[in-house]
Amino acid sequence: YKVGDDANETLLTRYFNVFFDSNTNYIKFSCYLTTEEYVNIKNGSNILIDDDVYIPIELTGYDASGNNKTEIKAIKK
């Protein structure tokens, strides 16, 4: 999923933490999401991190005010 008006901007270009185990295809990370980003991801948009495409499987803690991070769990496509 691309964010913002810049076609090269991805979730990776924004501030968030990524925790992953190289022995698995799952990742878990926390980031700030806009309402538009949340809706797109919730409705099945893929997430691009580096050159890898991930399918979101769980979103928790979304805060529409933008004060708190959303935790995203995703699996590599």
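Contact between Ala74 and Pro56 at its shortest, heavy atoms only, is CB-CA, 4.0 Å. Taking each heavy atom of Ile49 and Phe29 in turn, the nearest pair found is CD1-CE2, 3.9 Å.
Taken to the nearest 0.5 Å, the CG atom of Leu33 stands 12.0 Å off from the CG atom of Asn68. Ile75 CD1 to Glu58 CD: the interatomic distance, rounded to the nearest 0.5 Å, is 13.0 Å. Note that NZ of Lys77 and CG of Asn46 are 4.5 Å apart. Values are rounded to the nearest 0.5 Å. One distance of note links CD1 of Ile41 with CD1 of Ile47; it measures 4.5 Å at 0.5 Å rounding. Leu48 contributes atom CG, which lies 8.0 Å from atom CG of Asp50 (distance to the nearest 0.5 angstrom).
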Test log, rule side chain to side chain contact (heavy atoms under 4.5 Å, CB included), inputs Lys69 and Cys31 = CA-CA 5 Å; Lys69 294 181 182 180; Cys31 63; 5.9 Å; no
Audit row: Ile57, Ile72, side chain to side chain contact (heavy atoms under 4.5 Å, CB included) steps and yes/no = CA-CA 8 Å; Ile57 55 175; Ile72 300 174; over 6 Å; no
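Asp63 places a side-chain N or O within 3.5 Å of a backbone atom of Ser65 that can act as its donor or acceptor partner. Side chain of Thr70 to main chain of Tyr32: no donor-acceptor pair is present (N/O by atom type, distance under 3.5 Å, no hydrogens or angles).
Listed by chain and residue number, nothing satisfies the side-chain hydrogen bond (donor to acceptor under 3.5 Å, both in side chains) test with Tyr54 (two or more places apart in sequence, or in another chain).
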